[in-house]
Amino acid sequence: MDSQVSNGSSLQDERITNLLVFGFLQNCSNYNFHKELEVLGRELPVPPAYLQEDHDDGLQTDGNRCSRFLDSEETDSESQEEIIQDIARQLAQIGDRMDHSIHPRVVNNLAMQFMNVNLSEEDRRKHLAAALEQVLQTYPKDMEREKTVLLLAMVLAKKVADHTPSLLRDVFRTTVNFINQNLLTYVRNLVRNEMD
């Protein structure tokens, strides 16, 4: 099986970005797409820790305790997932503060574009990029550009999904693809730096 997806990122990169965007959306305050996010979480290969806040100590539905041994790769993967969740939580806090700076007209226009079922994924990505450029022009430049673009892309995804919850899956996929295409090195470094 080929481990490269169409935009050149590996399946591992895709997983990291999925976890980051999902964790960001999950940790944002005040959103109207709880049900849609829960469904998306079941469709994505996200670890159970992302889907439940309270850990049940491995109690299974039949009442037995779950027992398994973790090899070092699984342990590394779990620690990476925890790091990504922490990064997502921090970014969501910053995103909540940035939320008000995005004009509702930009969100409405982007939501309208995503409602167009005839648009290709590439066209959706272009509309997301255009909306980001529009927002970036009015945004203070006191943060590094890659971090600002990453945050604003995820905030726009949240706002579009909040505007029209049924668009969550499409805006999520487009945002993940946009990040993998434009910010992959930044995201890799963000995770790598936190793991060190």
Side-chain angles (χ1 to χ4, degrees), residues 1-28 31 33 36-52 70-92 94-95 110 113-114 117 119-132 144-161 165-196:
M1 181 178 154
D2 185 14
S3 68
Q4 295 286 313
V5 283
S6 61
N7 59 13
S9 62
S10 70
L11 291 176
Q12 174 67 6
D13 293 329
E14 182 93 2
R15 186 179 146 280
I16 288 170
T17 310
N18 279 338
L19 291 174
L20 184 67
V21 176
F22 185 83
F24 176 88
L25 292 172
Q26 195 178 44
N27 283 288
C28 283
Y31 61 88
F33 48 87
E36 291 80 2
L37 192 62
E38 190 178 308
V39 170
L40 181 65
R42 287 193 299 262
E43 294 172 1
L44 291 172
V46 295
Y50 272 65
L51 302 177
Q52 62 192 41
L70 298 177
D71 61 25
S72 65
E73 190 174 307
E74 281 185 71
T75 305
D76 289 348
S77 176
E78 287 179 7
S79 67
Q80 183 185 50
E81 289 162 0
E82 289 170 13
I83 287 167
I84 294 167
Q85 181 71 340
D86 286 343
I87 292 169
R89 195 175 297 113
Q90 292 168 24
L91 292 175
I94 298 168
L110 191 56
Q113 296 300 330
F114 272 85
V117 294
L119 279 185
S120 69
E121 177 62 22
E122 181 61 30
D123 288 338
R124 286 185 174 152
R125 207 167 33 246
K126 287 178 183 173
H127 286 292
L128 176 61
L132 277 167
E144 60 185 307
R145 181 172 169 80
E146 288 90 355
K147 184 174 187 176
T148 304
V149 172
L150 176 65
L151 276 160
L152 288 174
M154 293 191 296
V155 170
L156 274 171
K158 177 228 176 198
K159 290 182 81 68
V160 167
S166 63
L167 293 176
L168 176 65
R169 181 182 291 116
D170 290 338
V171 76
F172 176 87
R173 184 181 62 245
T174 300
T175 303
V176 166
N177 289 338
F178 175 86
I179 291 168
N180 284 339
Q181 195 170 55
N182 298 286
L183 300 165
L184 191 56
T185 303
Y186 179 77
V187 170
R188 280 181 187 153
N189 290 338
L190 197 61
V191 173
R192 190 176 303 125
N193 290 342
E194 288 294 317
M195 289 185 80
D196 292 341

Visitor: Distance from Ile83 atom CD1 to Arg192 atom CZ, nearest 0.5 Å?
Guide: 12.0 Å
Visitor: Taking atom CD1 of Ile84 and atom CG of Asn18, what is their separation to the nearest 0.5 Å?
Guide: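 The distance works out to 10.0 Å.
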Visitor: Report the residues that fulfil side-chain hydrogen bond (donor to acceptor under 3.5 Å, both in side chains) with Glu144, sequence neighbours left out, ordered by chain and then residue number.
Guide: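 Partners of Glu144 by the side-chain hydrogen bond (donor to acceptor under 3.5 Å, both in side chains) criterion come out as none, since no residue qualifies.
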Visitor: Going by the rule salt bridge (charged side-chain N to carboxylate O under 4.0 Å, His left out), which residues pair with Glu122 if we only count those two or more places apart in sequence or in a different chain?
Guide: Arg125
Visitor: Looking at every heavy atom in both Pro165 and Phe33, which two are closest together, and how far apart are they?
Guide: CB-CB, 4.0 Å
Visitor: Give the table of side-chain donor-acceptor pairs shorter than 3.5 Å for residues 151-160, with sequence neighbours excluded, one pair per line with atom names and distance.
Guide:
from	atom 1	to	atom 2	distance (Å)
Lys158	NZ	Ser29	O	3.4
Lys158	NZ	Asp99	OD2	3.1
Lys159	NZ	Asp99	OD1	3.1

Visitor: Looking at side-chain heavy atoms only, is the closest gap between Glu146 and Asn182 below 4.5 Å?
Guide: no
Visitor: Run the side-chain hydrogen bond (donor to acceptor under 3.5 Å, both in side chains) test against Gln90 and tell me which residues pass, sequence neighbours left out.
Guide: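 Expected list: none.
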Visitor: Identify, with sequence neighbours excluded, every residue that meets salt bridge (charged side-chain N to carboxylate O under 4.0 Å, His left out) alongside Arg145.
Guide: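 For Arg145, the residues satisfying salt bridge (charged side-chain N to carboxylate O under 4.0 Å, His left out) (neighbours in sequence not counted) are Glu133.
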Visitor: For residues 167-175, please give each side-chain donor-acceptor pair under 3.5 Å, one per line with the distance, not counting sequence neighbours.
Guide:
from	atom 1	to	atom 2	distance (Å)
Arg169	NE	Glu43	OE1	2.9
Arg169	NH2	Glu43	OE1	3.2
Arg169	NH2	Glu43	OE2	2.5
Asp170	OD1	Arg173	NH2	3.3
Arg173	NE	Glu121	OE1	3.4
Thr174	OG1	Glu121	OE1	3.2
Thr174	OG1	Glu121	OE2	3.0
Thr174	OG1	Asp170	O	3.0
Thr175	OG1	Val171	O	2.6

Visitor: Rounded at 0.5 Å granularity, tell me how far CD1 in Ile16 sits from CG in Leu20.
Guide: 9.0 Å
Visitor: Which heavy atom of Asn180 sits nearest a heavy atom of Leu184, and at what distance?
Guide: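 For Asn180 and Leu184, the tightest heavy-atom pair comes out as O-CB, 3.3 Å.
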Visitor: Does the side chain of Asp86 come within less than 4.5 Å of Glu194's, by heavy atoms?
Guide: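 No, side chains not in contact.
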Visitor: Can you tell me how far OG1 of Thr185 sits from CG of Leu190, rounded to the nearest 0.5 angstrom?
Guide: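 Result: 12.0 Å between the selected atoms.
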Visitor: Please check if any side-chain donor atom of Gln12 sits under 3.5 Å from a side-chain acceptor atom of Gln80, or the reverse.
Guide: yes
Visitor: Locate the shortest heavy-atom distance separating Tyr31 from Leu25; write the atom from each residue and the value.
Guide: CE2-O, 3.4 Å
Visitor: Applying side-chain hydrogen bond (donor to acceptor under 3.5 Å, both in side chains), name anything that partners Ser120, two or more places apart in sequence or on another chain.
Guide: Asp123
Visitor: Ignoring hydrogens, what is the shortest heavy-atom contact between Arg124 and Phe114? Give both atom names and the distance.
Guide: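 Of all heavy-atom pairs spanning Arg124 and Phe114, the closest is NH2-O, 3.3 Å.
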Visitor: Which heavy atom in Ala92 sits nearest to a heavy atom in Cys28, and how many Å separate them?
Guide: CB-N, 3.9 Å
Visitor: Can you give me the closest heavy-atom contact between Leu150 and Leu91, atom names plus distance?
Guide: CD2-CD1, 4.0 Å
Visitor: Any pair with a residue in residues 175-185 that passes salt bridge (charged side-chain N to carboxylate O under 4.0 Å, His left out), sequence neighbours left out, goes on the list, sorted by first then second residue, please.
Guide: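 Counting only pairs at least two positions apart or across chains, no salt bridge (charged side-chain N to carboxylate O under 4.0 Å, His left out) contact touches residues 175-185.
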Visitor: Return the CD to CG distance between Glu14 and Leu44, rounded to the nearest 0.5 Å.
Guide: 9.5 Å
Visitor: Rounded to the nearest 0.5 Å, how far apart are CG of Asn27 and CD1 of Ile87?
Guide: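 The CD1 atom of Ile87 is 12.5 Å from CG of Asn27, to the nearest 0.5 Å.
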Visitor: Is any side-chain heavy atom of Phe22 closer than 4.5 Å to one of Val176?
Guide: no
Visitor: My understanding is that only residues two or more places apart in sequence, or in another chain, count here; which of them pass side-chain hydrogen bond (donor to acceptor under 3.5 Å, both in side chains) with Gln113?
Guide: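 side-chain hydrogen bond (donor to acceptor under 3.5 Å, both in side chains) list for Gln113, sorted by chain: His127.
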Visitor: Is it true that Glu81 and Arg15 have a side-chain N and a carboxylate O under 4.0 angstrom from each other?
Guide: yes
